[in-house]
Amino acid sequence: MPFQAQNLFNEMRDEGVQPSLATMATLMLCYAESGFPDQAQILWNEIANYGFQPDTVICMELMDAYGKMGLFYEIARIFKEIKSRGHILDAKIYTTMISCYGKGGQLQLMENIFEEMRSGGFSVDSSTVNLIVRSYSFAGSLTGMEESYRCLKAYRYFLEEETIRAMAFAYIQKEKFYQLGEFVRKVGLKRKNVGNLLWNLLLLSYAANFKMRNLQREFLNMVDAGFKPDLTTFNIRALAFSRMEMFWDLHVSVLHMQHMNIAPDLVTFGAIVDSYLNGRMANKLSLALSQIGMHNLYPNVLTDPLVYEAFGKGDFHVSAENLLQYPHKMHQEKWTYSKLLRFYLKKYFSKGQLFWNH
């Protein structure tokens with residue numbers, strides 16, 4: 001694609017047509033976005049030699065292309081050159097650089113540009129600070145994440161849902177479940193524009209540490225606060241009950257789901273299977289599963305992935321996901337829960353791991 005465009009560009013010049021800034025910039029960006037930074041650099045120099053001044057949008061798109069290739073030194077070079085050429089700097093240039101560095105994990109470069117932006121008197125918008133918080137979160141730097149979060153609060157900016165998830169992910173990865181609970185309380189459990197996310201994270205902070213009384217108390221508080229539990233809410237509880245082999249609580253929770261017309265998913269089914277097998281209650285597994293009537297349904301997973309980060313996936317869940325990659329037998333049939341269960345029990349029994357209570 002870029003070389004075809006280059007041929008057309010050459011034909012234009014051979015015919016004496018003076019290339020415009022738009023034409024040269026389009027070709028330059030075509031090279032950069034196609035992974036040819038050297039050719040893009042040649043066009044960048046030609047633009048300067050013709051006396052053209054690339055506008056902010058062109059500079060941003062070029063930096064973004066370099067950022068996707070991991071060429072952070074090229075971003076710095078472009079920034080240095082546009083300053084030396086007397087280009088009037090725009091806040092969007094800074095935010096683009098912050099975005100490129102942040103997504104690339106270049107935290108120090110990101111922080112340096114952010115400080116230069118603030119010291120230069122440019123206004124810092126909410127999306128930029130949210131991006132910085134997320135960048136520290138994904139890098140696993142809790143200190144940087146929390147400092148940038150305090151900065152966001154100092155600006156009185158809105159904490160985006162994506163940022164909430166990123167911060168929760170960082171706390172979960174470090175197994176800082178107490179801090180996770182404190183964080184969501186500070187954000188505010190009354191906030192409803194993110195659905196049940198904050199309440200579910202609070203429940204997860206207790207469930208992952210198997211603080212069952214706290215889990216039950218906050219579940220009731222969630223309902224009292226006017227929030228309607230969803231599938232993720234129930235599966236957080238189901239996984240905790242399963243790991244603790246609290247069979248009656250698991251049973252009641254599943255009945256509660258049915259009462260609220262919330263359809264279980266693979267996580268729910270797996271929690272029941274793992275609980276009864278690990279608890280040496282295999283003789284009661286069939287009865288427990290018959291109560292949710294999922295045997296002939298096709299498996300799906302609708303639980304918030306943050307739950308897996310905290311709990312990991314159960315044995316049945318992992319086995320099922322592996323099997324779901326392939327059609328059932330030679331008839332290209334779809335897997336159902338009952339077929340997955342038969343396969344799993346056969347494998348489980350063959351390893352001599354299945355114990356029956358009489």
Side-chain angles (χ1 to χ4, degrees), residues 130 133-134 137-138 140 145 159-212 214-216 218-223 225-244 250 253-254 256-258 260-275 292 294 297-318 320-321 324 337:
N130 270 276
V133 178
R134 292 197 298 270
S137 302
F138 293 136
M145 178 186 79
L159 186 66
E160 299 170 1
E161 179 177 350
E162 185 182 357
T163 308
I164 295 173
R165 289 185 171 276
M167 294 184 70
F169 177 83
Y171 283 125
I172 292 169
Q173 285 282 293
K174 299 289 186 179
E175 298 185 355
K176 301 292 185 180
F177 298 113
Y178 175 79
Q179 288 88 334
L180 172 62
E182 291 297 298
F183 162 64
V184 296
R185 289 184 186 278
K186 290 177 182 177
V187 174
L189 292 169
K190 294 181 179 181
R191 180 172 161 178
K192 292 191 174 183
N193 67 324
V194 291
N196 287 346
L197 176 61
L198 294 169
W199 275 104
N200 284 343
L201 289 174
L202 180 63
L203 296 179
L204 187 60
S205 72
Y206 289 121
N209 272 337
F210 303 106
K211 295 184 176 181
M212 308 308 289
N214 301 75
L215 174 62
Q216 294 289 66
E218 293 303 339
F219 175 76
L220 295 176
N221 288 339
M222 174 185 182
V223 175
F227 288 81
K228 183 179 179 181
D230 55 23
L231 176 62
T232 295
T233 309
F234 279 106
N235 277 343
I236 290 170
R237 301 172 76 230
L239 288 169
F241 295 146
S242 175
R243 302 291 170 85
M244 295 294 287
L250 179 58
S253 184
V254 171
H256 193 173
M257 289 178 67
Q258 293 177 320
M260 296 186 65
N261 295 318
I262 297 176
D265 68 352
L266 180 60
V267 177
T268 321
F269 195 90
I272 296 172
V273 173
D274 290 340
S275 178
I292 57 176
M294 297 175 66
L297 300 179
Y298 299 125
N300 64 346
V301 178
L302 300 174
T303 303
D304 192 322
L306 285 172
V307 176
Y308 319 142
E309 294 297 330
F311 278 105
K313 296 179 180 179
D315 291 340
F316 179 82
H317 189 164
V318 173
E321 285 194 331
L324 288 170
Y337 284 104

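- A salt bridge links E218 with R185: at least one charged nitrogen is closer than 4.0 Å to a carboxylate oxygen.
- Few gaps surround CZ on F210; more than 12 heavy atoms of other groups in view lie less than 6.0 Å from it.
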**Report entry** Steps toward side chain to side chain contact (heavy atoms under 4.5 Å, CB included) verdict (L204, T232)
**Finding:** CA-CA 10 Å; L204 187 60; T232 295; over 6 Å; no
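- Separating the CG atom in L159 from the CE atom in M167 is a distance of 6.5 Å, to the nearest 0.5 Å.
- Within a 6.0 Å sphere centred on CD of Q258, other residues, nucleotides and ligands contribute more than 12 heavy atoms.
- Test D230, N200, D265 against N235 for side chain to side chain donor-acceptor pair (under 3.5 Å) and you get one pass: D265.
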Requested in this report: With side-chain hydrogen bond (donor to acceptor under 3.5 Å, both in side chains) as the test, would you mind laying out the steps for S242 and D274 before giving the verdict?
Outcome: CA-CA 7 Å; S242 175; D274 290 340; 5.5 Å; no
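- Residue Q179 holds its CD atom at 12.0 Å from NZ of K174, rounded to the nearest 0.5 Å.
- Partners of Y308 under the side-chain contact (heavy atoms from CB on, under 4.5 Å) rule, at least two apart in sequence or in another chain, are V267, V301, T303, P305, K313, H317.
- A salt bridge links E161 with R165: the distance from a Lys NZ or Arg NE/NH1/NH2 to an Asp or Glu carboxylate oxygen falls below 4.0 Å.
- No side-chain heavy atom of E321 sits less than 4.5 Å from a side-chain heavy atom of V318.
- For Q173, the CD atom sits in a packed shell: over 12 heavy atoms of surrounding residues, nucleotides or ligands are nearer than 6.0 Å.
- Between atom CD of residue Q216 and atom CG of residue L203 there is a gap of 9.5 Å, rounded to the nearest 0.5 Å.
- N193 meets the side-chain contact (heavy atoms from CB on, under 4.5 Å) test with F158, R191; sequence neighbours excluded.
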